[in-house]
Amino acid sequence: LLVRADDTDLHSSFSINMNVSTVLSQSFLDFDSQLRTGSRGTIVIEFQLIDVFADLSEFNFARDFLHEKGYRLCLDGISHSSLPVFDRKTLGLDLVKMIWDKSLIDEDQNGEKFEALRQSVEECGRSRIVMTRCDLPAAIEIGHLLGITMFQGRYVDALIQENARFGSSAA
């Protein structure tokens, strides 16, 4: 489907979950060789945290290869407590997906821990973090307080569907 590029939705950015070994396989090289050159810039390759750190040198090789080809890279599966440990820039990542956690609702938004998390978001790059698994309005509210602007999850999907229905009935 991606190689044929029949779907006009594929001309906007989208992501594919992959693992490092798949990216380094002949199958991926074949897939890549069949893509239109401009298509690569719209594709974000997502790696799971465990896959990246299973073999860091293999990841570094895959990262350099993918960036050279024009793909963007995202690290998926970061918790709010582990965000301060990772340096997105040093790892050569374009984006980071941080998992929403309901425990953030109970955090004192003027407290030290919340401020440290806000600082970690700032250091990572506010426009470089996607808060995932957002299933409550509080996820978006707290994400905004942290400076996050991109969200993903059931609640976001429901909002999009609601807006699509509203938009189509208003037309």
Side-chain angles (χ1 to χ4, degrees), residues 1-2 7-20 22-23 28 35 38-54 56 59-60 62-107 109 113-164 167:
L1 176 65
L2 294 174
D7 191 341
T8 57
D9 290 340
L10 298 179
H11 299 292
S12 60
S13 292
F14 63 95
S15 64
I16 304 172
N17 291 303
M18 300 193 83
N19 59 43
V20 173
T22 301
V23 166
F28 184 82
L35 279 177
S39 298
R40 291 182 187 98
T42 66
I43 300 173
V44 177
I45 305 291
E46 293 185 22
F47 293 113
Q48 292 295 316
L49 178 65
I50 194 163
D51 192 39
V52 168
F53 289 101
L56 203 50
F59 165 74
N60 288 335
R63 176 203 60 211
D64 294 345
F65 165 75
L66 291 168
H67 273 156
E68 185 177 304
K69 291 285 192 173
Y71 296 97
R72 292 181 292 153
L73 302 178
C74 178
L75 181 61
D76 193 2
I78 299 293
S79 69
H80 69 279
S81 57
S82 63
L83 183 65
V85 176
F86 297 101
D87 185 344
R88 178 191 60 78
K89 295 171 195 163
T90 299
L91 287 172
L93 298 162
D94 301 292
L95 300 164
V96 172
K97 283 191 171 184
M98 184 177 84
I99 301 167
W100 158 251
D101 189 321
K102 291 180 185 177
S103 70
L104 289 171
I105 294 171
D106 299 327
E107 283 292 326
Q109 293 157 5
K113 284 175 67 178
F114 198 83
E115 185 53 39
L117 182 55
R118 188 177 302 138
Q119 184 61 39
S120 294
V121 167
E122 192 66 38
E123 288 170 11
C124 184
R126 296 180 324 157
S127 64
R128 302 295 184 147
I129 296 180
V130 180
M131 187 176 281
T132 66
R133 300 185 189 169
C134 298
D135 55 358
L136 299 170
I140 308 299
E141 293 166 18
I142 290 174
H144 281 150
L145 290 172
L146 291 169
I148 296 171
T149 59
M150 294 187 287
F151 301 89
Q152 196 177 51
R154 290 185 190 126
Y155 178 70
V156 175
D157 292 343
L159 286 176
I160 291 169
Q161 287 177 350
E162 185 178 308
N163 283 337

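Only a predicted model underlies this, so the values are computations on that prediction, with no experimental measurement involved.
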Measure from the side-chain N and O atoms of [X] to the backbone N and O of [Y], and report whether any donor-acceptor pair falls under 3.5 Å.
X	Y	result
Arg133	Gly153	no
Arg63	Leu73	no
Asn19	Thr22	yes
Arg88	Cys124	yes

Of the non-hydrogen atoms in [X] and [Y], which two are nearest, and what is the gap between them?
X	Y	value
Ile142	Phe114	CG2-CE1, 3.9 Å
Leu66	Phe47	CD1-CZ, 3.7 Å
Ser103	His80	OG-CE1, 3.6 Å
Val44	Cys74	CG1-CB, 3.7 Å
Val23	Phe28	O-CD2, 3.3 Å
Gly147	Val121	C-CG1, 4.4 Å

| query | Is there a side-chain contact between Phe86 and Val96, using heavy atoms and a 4.5 Å cut-off? | reply |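 SC-SC contact between Phe86 and Val96 ruled out.
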| field | Any Ile43 side-chain heavy atom under 4.5 Å of Leu35 side chain | value |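 They are in side-chain contact.
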Once salt bridge (charged side-chain N to carboxylate O under 4.0 Å, His left out) is applied, do any residues pair with [X], and if so which ones, sequence neighbours excluded?
X	answer
Glu115	Arg118
Glu123	none
Lys89	none
Lys102	none

Going from [atom1] on [X] to [atom2] on [Y], what distance comes out if it is rounded to the nearest 0.5 angstrom?
X	Y	atom1	atom2	value
Asp51	Leu75	CG	CG	10.0 Å
Ile129	Lys97	CD1	NZ	13.0 Å
Glu46	Asp94	CD	CG	11.5 Å
Ile140	Met131	CD1	CE	8.0 Å
Leu159	Arg154	CG	CZ	14.5 Å
Glu107	Leu117	CD	CG	8.0 Å

| request: Starting from the C-alpha separation in whole Å, work towards a yes-or-no answer on side-chain contact (heavy atoms from CB on, under 4.5 Å) for Val52 and Leu93. | output: CA-CA 11 Å; Val52 168; Leu93 298 162; 5.8 Å; no
| field | Residue pairs passing the ring pair (Phe, Tyr, Trp, His ring centres under 6.0 Å) test where at least one lies in residues 116-154, sequence neighbours excluded | value |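 Of all non-adjacent pairs touching residues 116-154, those that pass ring pair (Phe, Tyr, Trp, His ring centres under 6.0 Å) are His144-Phe151.
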| side-chain contact (heavy atoms from CB on, under 4.5 Å) against Ser79, all qualifying residues, sequence neighbours excluded |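 Partners of Ser79 under the side-chain contact (heavy atoms from CB on, under 4.5 Å) test: Ser81, Ser82.
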